[in-house]
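Read through the structure below, which is laid out as structure tokens, and then see the notes.
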Amino acid sequence: MTHAIGSRRWAIADGYIPSSSASDDPALVSHESACVLNTGDTPAKVEITLFFSREPAGPFRFTVAARRTVHLRFNDLDDPEPVPRDTPYASLIEADTPVVVQQTRLDSRQPSHALLSTIAYCQD
């Protein structure tokens, strides 16, 4: 039995996906991602709501299996709608069991790539 750590509500205030990349290599395409860790013994049902200067989008839904992690690229989200490029947004990530969320952004618009990673803000 593994003890679940983390929180059920997380926020990433700074989201942005550039529309261009210096490479077509999938590993080097500009992207925004959330890494979600579920250390518990039950699957975590997760919903993401995106906030813009317009009405929010979502929820985007996925599951993180027990004692697993999911590295979710926001570029790949398309249901209920694709995440727009070159548009600032924020995200609220809610799970039905405690999880840990880390944000990563790769900005590869120029040959010298920039990588950012940070732990999201959590609230119980």
Side-chain angles (χ1 to χ4, degrees):
M1 180 177 218
T2 307
H3 180 69
I5 63 169
S7 184
R8 294 173 193 247
R9 299 182 81 203
W10 295 83
I12 301 171
D14 181 31
Y16 186 83
I17 304 171
S19 62
S20 62
S21 302
S23 173
D24 291 333
D25 180 343
L28 298 176
V29 169
S30 295
H31 66 270
E32 185 92 16
S33 64
C35 304
V36 182
L37 169 64
N38 177 9
T39 64
D41 291 323
T42 60
K45 294 178 184 172
V46 182
E47 292 187 354
I48 299 176
T49 302
L50 300 182
F51 294 84
F52 303 91
S53 59
R54 61 170 172 87
E55 284 298 307
F60 300 89
R61 294 182 173 99
F62 64 99
T63 300
V64 182
R67 299 177 307 280
R68 300 290 188 274
T69 186
V70 168
H71 293 245
L72 178 76
R73 282 193 183 193
F74 284 57
N75 303 45
D76 298 334
L77 297 175
D78 62 3
D79 183 17
E81 65 183 80
V83 179
R85 304 312 190 252
D86 298 321
T87 304
Y89 63 89
S91 55
L92 175 63
I93 301 167
E94 299 176 289
D96 65 347
T97 188
V99 296
V100 176
V101 177
Q102 181 174 345
Q103 171 200 20
T104 302
R105 176 184 302 147
L106 175 65
D107 185 342
S108 66
R109 289 177 282 187
Q110 298 183 20
S112 298
H113 306 312
L115 182 68
L116 166 133
S117 184
T118 186
I119 294 293
Y121 170 82
C122 69
Q123 180 181 28
D124 287 323

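Hydrogens, waters and symmetry mates play no part in the numbers below; they use all other heavy atoms, side chains included. Numbers for residues simply follow the sequence, beginning at 1.
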(request) Determine, step by step, whether Asp41 and Arg67 satisfy the salt bridge (Lys or Arg N to Asp or Glu O under 4.0 Å) criterion, reporting the C-alpha distance in whole Å, the side-chain angles of both residues, the deciding distance to 0.1 Å, and the verdict. (result) CA-CA 6 Å; Asp41 291 323; Arg67 299 177 307 280; 3.0 Å; yes
(request) For residues Pro80 and Pro59, report the shortest heavy-atom separation together with the two atoms involved. (result) CD-O, 3.5 Å
(request) Look at the aromatic rings of Tyr89 and Phe52 and report parallel, tilted or perpendicular, splitting at 30° and 60°. (result) tilted
(request) Check whether any side-chain N or O of Ser91 sits under 3.5 Å from a backbone N or O of Thr49 as a donor-acceptor pair, and report yes or no. (result) no
(message) Any side-chain to backbone donor/acceptor pair from Arg8 onto Asp96? Under 3.5 Å, distance only.
(response) yes
(request) Identify whether Val70 and Ile48 are in the same connected component of the hydrophobic contact network (ILVMFWY, side-chain heavy atoms under 4.5 Å). (result) yes
(message) Would a single hydrophobic cluster contain both Leu92 and Val46, if residues Ile, Leu, Val, Met, Phe, Trp and Tyr are joined by side-chain heavy-atom contacts under 4.5 Å?
(response) no
(request) Report yes if the side chains of Val36 and Leu72 come closer than 4.5 Å at any heavy-atom pair, otherwise no. (result) no
(request) Rounded to the nearest 0.5 Å, what's the gap from CZ on Phe60 to CG on Asp78? Could you check? (result) 8.0 Å
(request) Write down the atom of Gly6, the atom of Val100, and the distance for their closest heavy-atom approach. (result) CA-CG2, 3.8 Å
(message) Just verifying a value: how many Å separate Asp14 CG and Glu32 CD, rounded to the nearest 0.5 Å?
(response) 7.0 Å
(request) Return yes if some donor-acceptor pair links the side-chain N/O of Arg85 with the main-chain N/O of Val83 below 3.5 Å, else return no. (result) yes
(request) Using a 4.5 Å cut-off on heavy atoms from C-beta on, say whether the side chain of Phe62 contacts that of Val64. (result) yes
(message) Name the residue from Asn75, Ile17, Thr104 that meets the side chain to side chain contact (heavy atoms under 4.5 Å, CB included) definition with Ser33.
(response) Thr104
(request) Measure the NZ-CD distance between Lys45 and Glu94 for me, rounded to the nearest 0.5 Å. (result) 15.0 Å
(message) Tell me whether Glu81 is salt-bridged to Arg54, with the criterion being a basic N under 4.0 Å from an acidic carboxylate O.
(response) yes
(message) Treating Asn38 as the side-chain partner and Arg68 as the backbone partner, does any N or O pair qualify as donor plus acceptor under 3.5 Å?
(response) no
(message) Testing the basics here: between Ala4 and Thr39, what is the closest heavy-atom pair and its distance to 0.1 Å?
(response) CA-OG1, 3.4 Å
(message) Treating Trp10 as the side-chain partner and Val99 as the backbone partner, does any N or O pair qualify as donor plus acceptor under 3.5 Å?
(response) yes
